[in-house]
Protein chains: 2
Amino acid sequence: MAGTGRSPLQDDVETTVESILEEMRADGGRVTTGRRAIVRSLVAASDHHVTADDLAAQVQADHPDVHRSTVYRTLDSLEALGVLHRIPFGVGGAVYHLVDHAHHHLVCTRCGSVVEAPPGLFAPIAERVEAETGFSLDRAHVMVSGVCAACRCTPV
Amino acid sequence: MAGTGRSPLQDDVETTVESILEEMRADGGRVTTGRRAIVRSLVAASDHHVTADDLAAQVQADHPDVHRSTVYRTLDSLEALGVLHRIPFGVGGAVYHLVDHAHHHLVCTRCGSVVEAPPGLFAPIAERVEAETGFSLDRAHVMVSGVCAACRCTPV
DNA sequence: ATAATTGCAAAGTCTTTGCAGTTTG
DNA sequence: CAAACTGCAAAGACTTTGCAATTAT
């Protein structure tokens, strides 16, 4: 299982964390313990989606005194900075993820779970939609609703 | 403008309203003034999306004593009956519409407005998604997020 | 008559905000 | 030091729920 040392992977994580914090500083922001912990959680979760609640729980495991409102405010700052994407839809709250890898979201209408879809899936459609409706799909973060495999087999 | 008589179109509306109410009765439910008003608003709005708040406002214009909780409970019943579709995503609440015409939803991440997309737009993709992820897009009610034409031109 | 529905009020989520004290740069 | 950030507590938006009274069938 996980050792006490630091793996190359963890170094990568730290590098990413520091570069994001540096962006905050460059923007006139301050780096605090809470913010560092939040960014760290966000980077660690970069392959899936987290809610503000998930983050609060993770952060508070190490730093019990980091308040929920700090999580929300930090999330806002990161979004304003352009490094975080907020998906304000979702059963029971928004989900967030870093803007580092493009993909699409399949959200289950029944259980709220979010599945990632292969990027480029919607490329052929994006053009048509824009031409016909003036609506431009965010190519990096399209979100589509439906019913996931598990719920599909469950009677309502 | 609108006269005091009843147009053929309004007759259609009433017919639809009554058939839905009849379904409720068939299901063991009761038809009340509030429920009739709610269903009527829903039918009148069948070409766009409404929030529980929209409905409450419309209904209360004629029947000030119909409570919000009644709106929510009626909406729940209609959904359980399968005649109403609830889209639990949206900035500031869920939107609803009757299950009578298939279409897709383009939801703006910035202003929350919902634009309808031509049906069949996602047909070519639905298969691929299902094959690759096990996630089945609800063909009648796919919802996609992005930025609408208006917001696109507005600086953040 | 009786089972369903209602209004009310209270509570539950998720999120935001004003404020005074603390910390960062 | 000054500006930024924090915890706290309160409030706001949306929705659900328990209850006793009312109403549809």
Side-chain angles (χ1 to χ4, degrees), chain A residues 18 20-39 49-60 62-81 84 86-96 107 109 111-112 114, chain B residues 18 20-39 49-57 59-60 62-81 84 86-96 107 109-112 114:
Chain A
E18 291 308 321
I20 291 176
L21 293 176
E22 199 45 54
E23 277 200 64
M24 297 190 88
R25 259 188 288 251
D27 190 54
R30 312 269 160 96
V31 173
T32 62
T33 309
R35 289 186 160 197
R36 175 170 277 111
I38 293 166
V39 170
H49 305 88
V50 283
T51 61
D53 208 62
D54 294 335
L55 287 169
Q58 284 172 38
V59 169
Q60 287 171 355
D62 285 323
H63 310 271
D65 42 336
V66 172
H67 200 273
R68 269 197 144 55
S69 60
T70 297
V71 173
Y72 281 108
R73 282 188 278 226
T74 301
L75 256 15
D76 282 352
S77 302
L78 290 170
E79 202 194 354
L81 214 54
L84 183 70
R86 173 194 180 152
I87 304 151
F89 315 108
V91 178
V95 298
Y96 301 81
V107 183
T109 324
C111 68
V114 181
Chain B
E18 290 308 321
I20 291 175
L21 293 176
E22 199 45 54
E23 275 200 66
M24 298 191 89
R25 259 188 286 249
D27 191 53
R30 312 269 159 96
V31 172
T32 62
T33 308
R35 290 186 159 197
R36 175 171 277 112
I38 292 166
V39 170
H49 306 87
V50 283
T51 62
D53 208 62
D54 294 336
L55 287 169
V59 168
Q60 286 170 355
D62 285 323
H63 309 273
D65 41 337
V66 172
H67 200 273
R68 269 196 142 56
S69 60
T70 298
V71 173
Y72 281 108
R73 283 189 277 226
T74 301
L75 255 16
D76 282 352
S77 302
L78 290 169
E79 202 192 355
L81 214 55
L84 183 70
R86 172 193 181 153
I87 303 151
F89 315 108
V91 177
V95 299
Y96 300 81
V107 183
T109 324
R110 286 205 206 154
C111 67
V114 181

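Quick note on labels: first sequence line is chain A, next is B, and so on, each numbered from 1.
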Using whole Å, report how far [atom1] of [X] lies from [atom2] of [N].
X	N	atom1	atom2	value
Gln60(A)	dT6(D)	CD	P	13 Å
Ile38(A)	dC5(D)	CD1	P	12 Å
His67(A)	dC19(C)	NE2	P	17 Å

Practice task
Determine the contact category for Gly34(A): base if any of its heavy atoms lies under 4.0 Å from a base atom, sugar-phosphate if only primed atoms, P, OP1 or OP2 are that close, otherwise nothing.
Solution key: nothing
Exercise for the section: With heavy atoms under 4.0 Å as the rule, sort Thr51(A) into base, sugar-phosphate or nothing. Expected result: nothing
Are any of [X]'s side-chain N or O atoms less than 4.0 Å away from OP1 or OP2 of [N]?
X	N	answer
Thr32(A)	dT6(D)	yes
Arg25(A)	dA4(D)	no
Tyr72(A)	dT16(C)	no

Under 4.5 Å between any side-chain heavy atoms of [X] and [Y], yes or no?
X	Y	value
Thr32(A)	Thr74(A)	no
Arg36(B)	Thr33(B)	no
Met24(A)	Leu81(A)	yes

Practice task
Counting heavy atoms from C-beta on, name the nucleotide in dT16(C), dC8(D), dT17(D) closest to the side chain of Arg73(B).
Solution key: dT17(D)
Handout entry: Under-3.5 Å donor-acceptor pair between Arg30(A) side chain and dA3(D) base
Key = yes
